[in-house]
Amino acid sequence: MEQITGAEALMLSLKKEGVETIFGYPGGAIMPTYDALYDYTRGDKKAFEHILVRHEQAAAHAAEGYARISGKVGVTLVTSGPGVTNTLTGVADAMMDSTPIIVIAGQVQTSVLGSDAFQEVDLVDVAQPITKWAYQIRSAKDIAWAVSRAFYIAKSGRPGPVVLDFTKNAQVEKIVYEPAKVEFIRSYVPYPEPKQDKIQAAAELINNAKKPLALVGQGVELGNAQSELKEFLEKADIPAGRTLMGLSALPSDHPLNMGMLGMHGNYAVNLKEQEADVIIAIGMRFSDRVTGDLKRYAKQAKIIHLDIDRSEIDKCVKTTVAVVGDCKVTLPALTALVNKNDHSEWKDSFKPLHDKEKERVIIPATMPKDGPLLMGEVAHNVAKLSADNAFLVTDVGQNQLMSARYFKYLKNRSIATSGGMGTMGYGLPAAMGATFGAPERTVCCFMGDGGLQMMIQEFGTIMEHHIPVKMILLNNNYLGNVRQWQDMFFNHKQSFTPMTNPDFGKVAEAYGIPYRQVADRAELQDAIREMLNTDGPFLLETIIKPDANVEPMTAPGKAVDEMVLNIDC
């Protein structure tokens, strides 16, 4: 029987898992695998498209963006030592945000493990705390099993990252390849069986509620339960708030959508958390950015928590009823038991609070006629002029919070952002990955001048592959979010937050990327149309008000109903 190298066995295993795109960067310890990959990217054997990034961290974030838009597992291939340690920020980001990616890294041969060989790092021990599974492949005979197990773990249950440490001897060793399929792991229960008595108890609380409120998280998207969510909310007539990560789980224009939860979310839904008598949390983890001061969070409410991950139950907020299971299963079971209801009076009570929030909806009557451009109006106009299939990617900071608030989510899986880690530099590579995960969609990436420069080398990747990312730079010459906090809480001591920036137009020109700068709102819509109508990538630099703040805001340590509409520094 024909023998092949371990490196080629990896190619066959990835092909068997349906992998089409790999984001990577070659180096010494992974070179045998890249040698095998060469044949699988061209000719009769072609199975993969390899995207050569310019930094390994970008490879991990690109895999995240690919996974978030497609629902598939993103794959990254890098070398040992600094090659793989550069990816670990992306791995930690994927762990916090439940994103299924697999990082395959070269490693020195087993005979020199532990000897501090060139570019050796104890990857498994380093990666274990920030992965669902980390494993070292020491023999070629283990490759098929390890890859199948990695994909099973990464995409099942609550998704997350897996790291495979691929020793050099395992890459070159010859074996007779035998495919493997892992569908069961002892002690790993990715889909807990929901308990009927818990579902009944939850339904009873909901049926007796006068002021129910649903909190919708990314778990609904990860479980592909968007239609099940709508059926549940509509039958019981329950208003809903969405977390940053769960914004596209419920369409922006749905009548039961009351806005975004959290520190910089919408005024009404945050205040109403402190008034609801029953809160139904669905696929969310009660982040500190949502709850504010836990000691004062929703003490009047009975809490129902639906989540696939048992470890999230009672971790932050004590539940009255916990329904552990896949929301694709638990939501229909709950819907079957809740009464058809009408909570019109409760829903109507949100409106006066909506009206107080000056920026909830930007309309011509409320937009400024002069002065610098505002972050919100840029995001609003991009959303208004974009196609209905537009996908939002954000970096981190003010650009993230404002674009997330004003973008329109009309399709499922329409946002990728770094929620738990808040990773600056995430936006550009994640947007690149998203274009490969769903090439039919328009990918709009909002960035600040700080975050862009953390990954600006990826202009090279965009240039090489003509990646059609629509990049919107909100430039205020500041690390804006940190500056806002310094003004609010550190007596206006702007310690190293002002930025001297390059000429972004010349940088874009050097990479052959079309570019336009706009500072005048009279030109804004025309510039956005030019960006959207340009084939391939485009960088739109908007010069925004330098000292603008993200409002409203719940300050750290405050209760959610202590949200302020206007920040007075």
Side-chain angles (χ1 to χ4, degrees), residues 244 263-264 358-359 362 366-383 392-407 417-418 422-428 431 444-456 459 469-508 515-525 527-528 531 538-553 555 564 566-569:
L244 175 66
M263 176 178 281
H264 290 291
K358 64 178 181 180
E359 289 186 338
I362 294 181
T366 63
M367 288 175 65
K369 301 296 186 293
D370 50 25
L373 286 171
L374 301 177
M375 294 177 281
E377 69 177 305
V378 175
H380 167 75
N381 279 285
V382 171
L392 171 67
V393 182
T394 85
D395 205 81
V396 167
Q398 291 182 317
N399 69 89
Q400 173 188 38
L401 302 164
M402 299 302 279
S403 61
R405 280 169 57 89
Y406 294 118
F407 214 73
T417 189
S418 177
T423 305
M424 285 183 68
Y426 168 92
L428 188 58
C444 297
C445 179
F446 281 80
M447 299 171 287
D449 40 309
L452 169 59
Q453 291 180 88
M454 285 195 171
M455 283 287 158
I456 201 166
F459 278 4
V469 178
K470 309 306 180 186
M471 299 168 277
I472 302 97
L473 171 60
L474 303 179
N475 188 358
N476 57 9
N477 293 295
Y478 272 107
L479 297 175
N481 212 41
V482 184
R483 188 277 309 154
Q484 177 172 330
W485 282 48
Q486 288 174 338
D487 285 351
M488 293 177 67
F489 309 120
F490 293 90
N491 198 30
H492 291 268
K493 288 173 65 178
Q494 295 177 356
S495 179
F496 302 101
T497 46
M499 298 192 75
T500 301
N501 289 319
D503 184 328
F504 290 108
K506 289 182 179 178
V507 176
Y515 163 87
R516 182 169 172 179
Q517 184 189 87
V518 58
D520 186 345
R521 62 178 40 86
E523 300 177 15
L524 179 60
Q525 292 198 6
I528 292 169
M531 174 185 72
F538 194 100
L539 175 62
L540 174 60
E541 180 182 8
T542 61
I543 307 303
I544 60 170
K545 190 172 187 288
D547 58 350
N549 293 319
V550 179
E551 300 170 334
M553 179 179 182
V564 295
N566 301 298
I567 295 172
D568 183 7
C569 296

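Numbers here simply count residues along the sequence, with the first being 1.
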**Asked** Can you tell if the side chain of Arg521 reaches within under 4.5 Å of the side chain of Asn381, non-hydrogen atoms only?
**Response** no
**Qualifying residues under salt bridge (Lys or Arg N to Asp or Glu O under 4.0 Å), relative to Asp547, sequence neighbours excluded** = Lys545
**Message:** Just so I know, are the side chains of Ile544 and Leu374 near enough to count as touching, which here means a heavy-atom distance under 4.5 Å?
**Reply:** no
**Message:** If the condition is ring-ring contact (aromatic ring centres under 6.0 Å, His included), which residues does Tyr426 pass it with, not counting sequence neighbours?
**Reply:** His61
**Request:** Go through the structure and list residues passing ring-ring contact (aromatic ring centres under 6.0 Å, His included) with Phe490, not counting sequence neighbours.
**Result:** none
**Partners passing side chain to side chain contact (heavy atoms under 4.5 Å, CB included) against Arg516 (at least two apart in sequence or in another chain)** = Glu523, Asp526, Ala527, Glu530, Phe538, Leu540
**Prompt:** Can you tell me how far the CE atom of Met531 sits from the NZ atom of Lys470, to the nearest 0.5 Å?
**Reply:** 7.5 Å
**Prompt:** How would you list, by chain and number, every residue that makes a side chain to side chain contact (heavy atoms under 4.5 Å, CB included) with Ala519, sequence neighbours excluded?
**Reply:** Ile543
**Prompt:** Of all heavy-atom pairs between Leu392 and Ala404, which one has the smallest distance, and what is that distance?
**Reply:** CD2-CA, 3.9 Å
**Message:** For a side-chain contact (heavy atoms from CB on, under 4.5 Å) check, start with the C-alpha distance between Cys444 and Ile472, then their side-chain angles and the critical distance, and finish with the verdict.
**Reply:** CA-CA 7 Å; Cys444 297; Ile472 302 97; 4.0 Å; yes
**Asked** Considering only heavy atoms from C-beta outward, does the side chain of Asp503 approach that of Val507 to under 4.5 Å?
**Response** no
**Asked** Considering residues at least two apart in sequence or located in another chain, which fulfil the side chain to side chain donor-acceptor pair (under 3.5 Å) criterion with Thr417?
**Response** Thr394, Gln400
**Message:** According to side chain to side chain contact (heavy atoms under 4.5 Å, CB included), who are the partners of Leu401, at least two apart in sequence or on a separate chain?
**Reply:** His264, Asn481, Val550
**Item:** Non-hydrogen atoms of Asn477 and Asn475 that approach each other most closely
**Value:** N-OD1, 3.0 Å
**Asked** Are any non-hydrogen side-chain atoms of Lys493 and Asp487 less than 4.5 angstrom apart?
**Response** no
**Prompt:** Distance from Leu473 atom CG to Glu541 atom CD, nearest 0.5 Å?
**Reply:** 5.0 Å
**Request:** Side-chain contact test, heavy atoms from C-beta onward, threshold under 4.5 Å: evaluate it for Phe446 versus Asp395 and give yes or no.
**Result:** no
**Fill in**
Sorted by chain and residue number, the side chain to side chain donor-acceptor pair (under 3.5 Å) partners of Ser403 (sequence neighbours excluded) come out as none
**Request:** Evaluate side-chain contact (heavy atoms from CB on, under 4.5 Å) for Met499 paired with Leu479, printing each intermediate quantity in order.
**Result:** CA-CA 7 Å; Met499 298 192 75; Leu479 297 175; 3.5 Å; yes
**Asked** Looking at residues at least two apart in the chain, or sitting in another chain, which of them share a side chain to side chain contact (heavy atoms under 4.5 Å, CB included) with Val469?
**Response** Ala431, Met432, Thr435, Cys445, Ile467, Met471
**Message:** Testing the basics here: between Leu524 and Leu373, what is the closest heavy-atom pair and its distance to 0.1 Å?
**Reply:** CD2-CD2, 4.1 Å
**Asked** In Å, rounded to the nearest 0.5 Å, how long is the span from CE of Met402 to CD of Glu377?
**Response** 10.0 Å
**Derivation of the side-chain hydrogen bond (donor to acceptor under 3.5 Å, both in side chains) call for Tyr478 and Gln494** = CA-CA 10 Å; Tyr478 272 107; Gln494 295 177 356; 3.0 Å; yes
**Item:** Thr497 and Gln486 side chains, donor-acceptor separation under 3.5 Å
**Value:** yes
**Message:** Are Gln484 and Ile567 packed together at the side-chain level, in the sense that at least one heavy-atom pair is separated by less than 4.5 angstrom?
**Reply:** yes
**Asked** NE2/His380 to CE/Met375 distance, rounded to the nearest 0.5 angstrom?
**Response** 15.5 Å
**Message:** Restricting to non-hydrogen atoms, name the atom on Pro552 and the atom on Val564 that form the minimum distance, rounded to 0.1 Å.
**Reply:** CB-O, 3.0 Å
**Item:** Heavy-atom pair of closest approach, residues Ala379 and Tyr406
**Value:** CB-CB, 3.9 Å
**Fill in**
Taking every heavy atom of Ala508 against every heavy atom of Leu539, the minimum-distance pair comes out as CB-CD2, 4.1 Å
**Message:** Testing the 3.5 Å rule here: is there a donor-acceptor pair between the side chains of Asn549 and Arg483?
**Reply:** yes
**Request:** Taking side chain to side chain donor-acceptor pair (under 3.5 Å) as the test, write out the residues that go with Asp449, two or more places apart.
**Result:** Asn501
**Item:** Heavy-atom check, side chain of Gln453 versus side chain of Pro502, under 4.5 Å
**Value:** yes
